[in-house]
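Per chain, numbering begins at 1; letters A, B, ... match sequence-line order.
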Number of protein chains: 2
Amino acid sequence: MKKVDILKKLRSSGLRPTKQRVEIAKFLFDRDTTFHFTIESLENHLTKKTSCKFALATIYNTIHAFKKAGHLSEVDVRGKKTYFDTNITNHHHFYDNETSELIDIDTSEIVIQKIPKAPNGKKIKNVEVFINLKN
Amino acid sequence: MKKVDILKKLRSSGLRPTKQRVEIAKFLFDRDTTFHFTIESLENHLTKKTSCKFALATIYNTIHAFKKAGHLSEVDVRGKKTYFDTNITNHHHFYDNETSELIDIDTSEIVIQKIPKAPNGKKIKNVEVFINLKN
DNA sequence: TTTTTACTTTAGAATTATTATAAACTAGAA
DNA sequence: TTCTAGTTTATAATAATTCTAAAGTAAAAA
Ligand SMILES: [Mn+2]
Ligand SMILES: [Mn+2]
Ligand SMILES: [Zn+2]
Ligand SMILES: [Zn+2]
């Protein structure tokens with residue numbers, strides 16, 4: 001992924017390319033495998049890997065703008081912190097309780113043979129499979 | 001379910017049968033269908049349906065004791081509040097985004113034909129299917 | 001029964017994750 | 001360069017949850 005794509009992510013999220021935002025966008029999107037993170041873990045990575053200072057509010061604001069623009073998704077994980085995901089396609093997860101890590105599962109890797117019909121007047125929006133791991 | 005069962009729930013959770021705890025236990029376990037709730041919704045129901053006063057801390061403490069004893073389970077739902085479940089068997093859920101309500105799905109109603117194997121050195125602990133509903 | 005003890009309830013303080021605020025700063029237009 | 005709207009930041013506010021310690025109560029001991 002080139003720098004022009006980073007700028008595109010920012011522009012399409014309605015964000016000016018400031019120093020902090022470019023660093024965040026590069027960190028999130030300039031990689032070839034999915035990245036799952038919390039705001040806290042992202043902050044740690046950013047302060048470790050860049051020479052830039054980040055107010056927590058800037059990280060929250062930028063991540064929310066990316067999410068709103070569809071560049072990030074959110075994953076439900078037990079616990080108090082919100083998990084975000086750079087994989088915005090429909091997919092499933094392994095969750096390692098020991099390490100608190102998420103691992104992507106492509107939809108093609110899970111086949112559901114039988115599923116109940118939605119309650120009266122409702123439709124199925126999407127199906128999420130969450131596989132808890134143990135040692 | 002008889003009162004003796006309520007007392008058994010309390011005893012097996014290491015809790016003395018006080019007025020508040022008996023009311024909470026009756027409200028949660030003296031019913032024949034699953035009850036999904038947040039601490040806030042439970043507090044509302046309790047103050048509405050009983051003549052007893054409940055400190056929030058008492059509700060939190062009691063629910064956590066029940067959960068620790070295995071009488072309640074927790075469900076991951078998007079949002080900030082923790083959801084609890086009186087159904088402690090392995091099962092799945094519909095989630096209605098409009099009403100924020102959970103509906104149980106028995107494991108027999110979902111058949112998974114193909115599932116990826118767990119990552120190296122890990123085992124599958126359980127599989128949770130979460131079906132989001134829309135109108 | 002009364003007394004004693006350990007456990008419980010409670011109001012309010014503390015903590016944690018998140019969101020809001022408003023003053024100082026800056027990218028990009030004019 | 002100057003101007004303006006948007007941005008960063010420290011800090012305050014909020015929401016869910018947990019902690020605390022004083023006052024109350026269940027159940028054991030006497
Ligand atoms: Mn969560
Ligand atoms: Mn949750
Ligand atoms: Zn993912
Ligand atoms: Zn359930």
Requested in this report: Please check if the distance between the ring centroids of A/F130 and A/Y95 is under 6.0 Å.
Outcome: yes
Query - Between D/dA16 (P) and B/K81 (NZ): distance, integer Å - result: 5 Å
Query raised in the report: Are B/R21 and C/dT8 close enough that a side-chain N or O sits under 4.0 Å from OP1 or OP2?
Result: yes
Query raised in the report: Starting at CG of B/L56 and ending at C1' of C/dA13, how long is that distance when rounded to a whole Å?
Result: 14 Å
Requested in this report: Report the nucleotide, chosen from D/dT18, C/dT18, D/dT7, that has the shortest atom-to-atom distance to any side-chain atom of A/K80.
Outcome: D/dT18
**Report entry** Atom-to-atom span, CG of A/L15 to P of D/dG6 - whole angstrom
**Finding:** 12 Å
Requested in this report: Give the intermediate values and the outcome of side chain to side chain donor-acceptor pair (under 3.5 Å) for residues A/N135 and B/K122.
Outcome: CA-CA 5 Å; A/N135 287 331; B/K122 299 284 174 181; 2.5 Å; yes
Query - Spacing of B/N61 atom CG relative to C/dA11 atom P, expressed in whole Å - result: 13 Å
Report summary line: By nearest-heavy-atom nucleotide on DNA chain D, the more 5' of B/P17 and A/F54 is A/F54
Report task. Give a yes/no answer on whether the side chain of A/H64 brings an N or O atom under 4.0 Å of OP1 or OP2 in C/dT18. Result -> no
Report summary line: Which of C/dA11, C/dT26, C/dA17 is nearest the side chain of A/R16? It is C/dT26
Report task. Output the single nucleotide from D/dT9, C/dT18, C/dT10 whose closest atom is nearest the side chain of B/K53. Result -> C/dT10
Report summary line: Side-chain contact check for B/Y60: nearest option of C/dC7, D/dT8, D/dA16 is D/dA16
Query raised in the report: Closest to the B/T18 side chain: C/dT8, C/dT18, C/dT26?
Result: C/dT8
Query raised in the report: Quick check: does any side chain N or O of B/H45 sit under 3.5 Å from a backbone N or O of B/E43, one acting as donor and the other as acceptor?
Result: no
Query raised in the report: Mapping B/K19 and B/E40 onto DNA chain D by nearest heavy atom, which one lands closer to the 5' end?
Result: B/E40
Requested in this report: Round to a whole Å and report the spacing from CD of B/E43 to P of D/dA15.
Outcome: 15 Å
Query raised in the report: Nearest-Å distance, CG (B/L10) to P (C/dT8)?
Result: 10 Å
Query raised in the report: Does B/R31 make a cation-pi contact with B/F29 (under 6.0 Å, within 45 degrees of the axis)?
Result: no
Report task. Mind calculating the distance between CD1 (B/I59) and P (C/dT10) to the nearest angstrom? Result -> 9 Å
Query raised in the report: Looking at B/Q20, does any N or O in its side chain come under 4.0 Å of the phosphate oxygens OP1/OP2 on D/dT25?
Result: no
Requested in this report: Show your reasoning for whether side-chain contact (heavy atoms from CB on, under 4.5 Å) applies to B/F94 and B/D104.
Outcome: CA-CA 6 Å; B/F94 281 121; B/D104 274 359; over 6 Å; no
Query raised in the report: Between atom CD in A/E74 and atom P in C/dA17, what is the gap in whole Å?
Result: 15 Å
